[in-house]
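What you see is a predicted model; the values in this text were computed from it and never measured.
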Amino acid sequence: MTSLSIIDQPKENIFSVLQKALNQKIISMTRFETLQIEIETLTLEFVKKFNHQASTSLSKEDFKFVLNTIDYLFMHGYNDNILLNEMDIHFICDIGIEEVKKDITKINEVYKELISNCLPILNERYFNVVYKQISDYLELLRQESAIFSYGNIQEDLDYPLIDGLPLNHDMYNLKGTDLVLYYLTRLNLENKFCRQFKDELTELKNQFETIKKISFECLPINLFELVMDQLIAYQIIHNERGILLYENEIDLLKETLRKNKSLITESIEVIKKDCDKDLIEYIKKYERNIISRFNEMIKYDIELLIYKKESSKTTEIKLDAGNSNKHFLSALSNINRIDQLNEKIEYLKSLDLSVFDLLDLFENDIFYGAEYREYFDQCDSFQIAIIIKVANSHLFVFDQKWKINDELFQELVSELAWQKELIEYLTVCGQSKKEEIETALNEFAIRQ
């Protein structure tokens, strides 16, 4: 299907199309009966294909599944009632197959772009949809029996778009490849928008968890809506782009908007100027809802926005025994699905992990060779110092001063690949960086 024009329209199927053509005298009763026989013949052919030519026996559920497949192909090949007088059902379904294949090509293209726009933020639903569910469905479309997956998808697609979830594998009367193309296209648009603020997303997630007192990991939250609200507020307050707000700015924003509500619309218009045509149209579609949320914030004084509390000015260093095993395994599974090094590093930095969990991930070889050094290079000096001290706590039981030199390198544990890469990093990093790490090493002590 090359367009999504059937959205919000009543569903049609192969039988309703034939009946309508008969009622409108587009086809005769004789032609109607002939087409019915062709459907029966094609159904038998598909049943054999479904059973790998082994049998024509099917359960009621599987038989319905086959009929739905034929219906899906017919509706993709059907263009005009006049075809019913000239072409048989098999030929129309063949046209449908080619149309679906065109959509599958589009799906693969959008998915490739989606992966490149993937957001570095810890949300299990998001990562499961992007790296597993869609990937699993595309794998089915490459198999010999792919035709039976054209109109059917078993995956939940349970990361919500701004316009909701495809509950019961249905979204605006769409199924199978139509649903996946619709969902992916919109998810990719939302990703491209949020990707502009990738460096701020981790902090936004942390602030969200502090304000809402709930983990972001398994929350069914739409990031596009969250980022859009933050951006509008930031634009109004600072007259520039950004999504990180402070507590004292929220009351200022509400007071400003109570005096001039038109600033909401004006801010959205400014935001749209930096968007491409598709994204502008996407924002326009939900603009009324966005404005309504801000009006409700003003009227009922609700907590719409995320902000940094005034008391949250110190850096928290986690030296506990780590999160649950389930949390760790989920992080390990997600990071192993990411191929691009920069994406992997961004994802790792977004995780709410203790240093012990981080070292356990290192020991599971999440990086290879010099990739560890690339990660260390993106850590600040204090983070490097913590890694050194926790991994080598036997050396730091006394309050002696340490320097980054050969004497320290000889003492550091170097049995594992990541530890060797850490030593190599400390060897080659610049003098100023070494001095910063030395200062950090000597600023805190570990007590057994």
Using a 4.5 Å cut-off on heavy atoms from C-beta on, say whether the side chain of [Y] contacts that of [X].
X: Leu219; Y: Lys212; result: no
X: Lys106; Y: Asp103; result: yes
X: Lys49; Y: Ile147; result: yes
X: Ile291; Y: Glu287; result: yes
X: Ile92; Y: Leu84; result: yes
X: Leu201; Y: Val227; result: yes
X: Phe74; Y: Ile39; result: no
X: Ser267; Y: Tyr234; result: no

Pair [X]-[Y], side-chain donor/acceptor within less than 3.5 Å:
X: Gln36; Y: Glu40; value: no
X: Tyr159; Y: Asn123; value: no
X: Tyr286; Y: Asp163; value: yes
X: Gln133; Y: Asp158; value: yes
X: Asn222; Y: Glu190; value: yes
X: Glu346; Y: Asn342; value: no
X: Asn191; Y: Tyr126; value: yes
X: Ser333; Y: Arg337; value: yes

Charged N to carboxylate O below 4.0 Å: is that the case for [X] and [Y]?
X: Glu200; Y: Lys308; value: no
X: Glu281; Y: Lys284; value: yes
X: Glu269; Y: Lys272; value: yes
X: Asp278; Y: Lys192; value: no

Any idea how [X] and [Y] line up, ring-wise: parallel (<30°), tilted (30 to 60°), or perpendicular (>60°)?
X: Phe127; Y: Tyr131; answer: parallel
X: Phe367; Y: Phe362; answer: tilted
X: Phe208; Y: Phe216; answer: perpendicular

Show the nearest heavy-atom pair for residues [X] and [Y], with the distance to one decimal.
X: Arg241; Y: Ile271; result: NH1-O, 4.4 Å
X: Arg31; Y: Glu86; result: NH2-N, 4.2 Å
X: Ser116; Y: Glu343; result: O-OE2, 3.7 Å

* Say you draw a straight line from CD1 of Ile335 to CD1 of Ile366; how long is it, rounded to the nearest 0.5 Å? ->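 Ile335 atom CD1 to Ile366 atom CD1 measures 4.0 Å (nearest 0.5 Å).
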
* Could you grab the distance from atom CG of Asp136 to atom CD of Gln154, nearest 0.5 Å is fine? =>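 Atom-to-atom, Asp136:CG and Gln154:CD are 11.5 Å apart.
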
* **Full working for side-chain contact (heavy atoms from CB on, under 4.5 Å) between Ile211 and Leu305** => CA-CA 9 Å; Ile211 296 295; Leu305 301 165; over 6 Å; no

Can any side-chain N or O of [X] pair as donor or acceptor with the backbone N or O of [Y] at less than 3.5 Å?
X: Asp377; Y: Arg373; answer: no
X: Asn260; Y: Thr256; answer: no
X: Asn128; Y: Glu124; answer: no
X: Glu421; Y: Tyr372; answer: no
X: Ser16; Y: Asn13; answer: yes
X: Gln196; Y: Phe193; answer: yes
X: Ser292; Y: Arg288; answer: no
X: Tyr111; Y: Val130; answer: yes
X: Ser350; Y: Tyr347; answer: yes
X: Gln230; Y: Ile306; answer: yes

* Asked: Checking ring-ring contact (aromatic ring centres under 6.0 Å, His included) for the pair Phe50/Phe46: CA distance, chi angles, key distance, verdict?
  -> CA-CA 6 Å; Phe50 185 83; Phe46 270 63; over 10 Å; no

* Lys433, NZ: over 12 other non-hydrogen atoms inside 6.0 angstrom ->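 Yes - once you tally the heavy atoms of other residues, nucleotides and ligands closer than 6.0 Å, there are more than 12.
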
* To do: Could you tell me if the ring centre of Phe224 sits under 6.0 Å from that of Tyr282?
  =>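 Ring centres of Tyr282 and Phe224 closer than 6.0 Å.
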
* **Derivation and outcome, salt bridge (Lys or Arg N to Asp or Glu O under 4.0 Å), residues Glu139 and Arg142** => CA-CA 5 Å; Glu139 180 59 33; Arg142 288 189 285 267; 3.0 Å; yes

